[in-house]
There are 2 protein chains.
Amino acid sequence: MVAAAAGVSRATVSRVVNGSTSVAPEAAAAVHAAVEALNYVPNRMARSLASRRTDVIALIVPESTSTVFADPFFAPVVRGVARALSDTDYTLNLLIASESRPEKTRRYLLGGNVDGALVVSHHASDHSYLGLGDTLPIVFGGRPVNPELADAWFVDVDNRASARLATEHLLARGRTRIATIAGRQDMPAGIDRLEGWRDALGAAGAPADRVEFGDFTQASGAAAMERLLAATESTGAATGTGLDGVFVANDQMAAGAIRTLLSHGLSVPGDVAVVGYDDDTFAATITPPLTTVHQPSAELGAQMAQVLVRRLAGDTPPHRTLIPTHLVERDSS
Amino acid sequence: MVAAAAGVSRATVSRVVNGSTSVAPEAAAAVHAAVEALNYVPNRMARSLASRRTDVIALIVPESTSTVFADPFFAPVVRGVARALSDTDYTLNLLIASESRPEKTRRYLLGGNVDGALVVSHHASDHSYLGLGDTLPIVFGGRPVNPELADAWFVDVDNRASARLATEHLLARGRTRIATIAGRQDMPAGIDRLEGWRDALGAAGAPADRVEFGDFTQASGAAAMERLLAATESTGAATGTGLDGVFVANDQMAAGAIRTLLSHGLSVPGDVAVVGYDDDTFAATITPPLTTVHQPSAELGAQMAQVLVRRLAGDTPPHRTLIPTHLVERDSS
DNA sequence: GTGAAAGCGCTAACAT
DNA sequence: ATGTTAGCGCTTTCAC
């Protein structure tokens, strides 16, 4: 080590470089000067070998490159992770996994290249990384589905609380006959958002019996709204009086529902207030602009990073971190 | 090394793992079996320390995360790099540079984490990576501007040849009075595309005297077209006969030019054929769909990777690699 | 507070 | 064809 030519031993240089305590001020100064003069950069491989840590965290996105760049979900997540990590000494390492052979990624992860990994994906059907959890600290993000992941670490958006929030907003606006268009019941997003709607209505003592299901597409939202309207009319109530608010499990379906409402001559939010979920790219531009629950993707990334960093620091954060959301109030409610 | 418990020495295990020649078939088999049984994955740090190579290539994008994901230019480049690298043993390492402190990236690069780096950016004003070229093999991509980079390795799109191609297409279509709307002359894209137009016309013995300049915006293209038309009319020729083709240095300006042409009652391509450059997102959807030069971004990424891999293999590829483009023929010509 | 010595897990001559 | 011997450049007990 050339820097030792600054009067001290390799050990002392190491101490200084790593900001260790118990080093004489003058010795430290000498080392710093030498480091500066020699333009010294410690070799990370050697350091890692000796210290058994890399200071690198991998962010694994098990999608094709095109998807990663096309899908509006990933960008904020990456940004959130990067931001959270920039406060630390960890370097971020984006691994677009499906581009190369999975085996390559696996070896990379297991080969001691990183101290921990973040895995983010839409579809939790990918089991590739489950086994790694025992060897390498991993934090999953996005929308967990696998039941076997009970012992894993997760960061997720609190769908249930968010749906409750949205429904309570409808209640606060004076709406009393609130229906919901729920999503597919084989996904957490579908199940939890329906539960949240029930929570809010139950707590308010209002009946939670007007439910129709869709599959998150705009067409299914329009159809579900038709059914809701038909059921309401058959109860004998005057048009519009049997229903004055709807919580829709995502913005796409909400757009469809509004279309149906308007085509029936009902006004939004005059006759029926609508609240969606996602705050997707179109939420602000449809007519009327949609009140919806904002999906905090950057926050998801940031929290994932933080949970992993805490684990790496020897801390034991909770296995499941739920991120609160917030309502974006626009004109549809 | 536990695998040595498979009957041979560490050295032999190393040979087998690294696919070396001269290992007895039975010895190799024994090692493979042991590797399998013990679920052995070589430690990359140790391997790197000893072999002085990492098998990792960094792709540095000196932009903010938001830009990287929003800009349609980067996605195909990353995809191209990833694809090219998937044929090799190199692992790709995406570094979104501006997100963390530049110093962090520099240390990462100099700290022996990677065997080489790819730097891609729109604006070549960033000098951060110039100094590294002496220490670490780097290949730049995109649109080089810095003259100091004469000794660096580059991969770039052949703007000049492409512009010539576009102009020749106009010639082949029987157009004889071909103007150009050139871009800013302080950028290679502006300069080279004008040169290419001159090349084609010169080779065909046609006069290359109708030039107007724009700044790559749609408005400037529309204005330049106005000037071209005015100049043509002042020559006394009947409207439209003084000009029957235009090569425009990018699609945005081409869109503006077409708007001007149509507003003057001229038909495209009937009276004037138009060829653009970039094949951007809107090229196919404007009226009429634009004939344009496709920008091979994925190819750029792939070539960058290949040049770097060749350098790492000890080969000496040319400093400057020019990627040929191709014309996308639509209805405007 | 600081130096000496012992590796971290592997590869690469050099022998054999 | 295979084993032996040295390190790669750093961190880290352990003495002093």
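Letters A, B, ... mirror the listed sequences (proteins, then strands); counts begin at 1.
- Neither OP1 nor OP2 of C:dC8 sits under 4.0 Å from any side-chain N or O of A:Ser51.
- Distance alone, capped at 3.5 Å, places no donor-acceptor pair between the A:His294 side chain and the A:His326 backbone.
- Taking the nucleotide of DNA chain D with the nearest heavy atom to each of B:Ala24 and B:Ala50, the more 5' of the two is matched to B:Ala24.
- Within the structure, every side-chain polar atom (N or O) of B:Thr12 is placed at least 4.0 Å from both OP1 and OP2 of D:dT2.
- Between C:dT2 and A:Ser9, no contact under 4.0 Å exists linking OP1 or OP2 to a side-chain N or O.
- When the P atom of C:dA4 is taken as reference, atom CZ of A:Arg15 falls 11 Å away, rounded to whole Å.
- The cationic atom of A:Arg311 (NZ for Lys, CZ for Arg) lies less than 6.0 Å from the six-membered ring centre of A:Trp153 and within 45° of the ring axis.
- Going from atom CE of B:Met45 over to atom P of C:dT11 covers 14 Å, rounded to whole Å.
- Under the 30°/60° scheme for interplanar angles, the aromatic rings of A:Phe154 and A:Phe140 are found to be tilted.
- Residue A:Arg47 has no polar side-chain atom (N or O) positioned under 4.0 Å from OP1 or OP2 of D:dG9.
- In this model, the phosphate group of D:dT11 is approached by a side-chain N or O of A:Asn18 to a distance below 4.0 Å at OP1 or OP2.
- C:dC10 atom P lies 17 Å from atom CG of A:Asn43, rounded to whole Å.
- With no hydrogens or angles considered, a side-chain donor-acceptor pair links B:Arg47 and B:Asn18 at under 3.5 Å.
- At D:dG7, none of the side-chain N or O atoms of B:Arg52 fall inside 4.0 Å of OP1 or OP2 (strictly under the cut-off).
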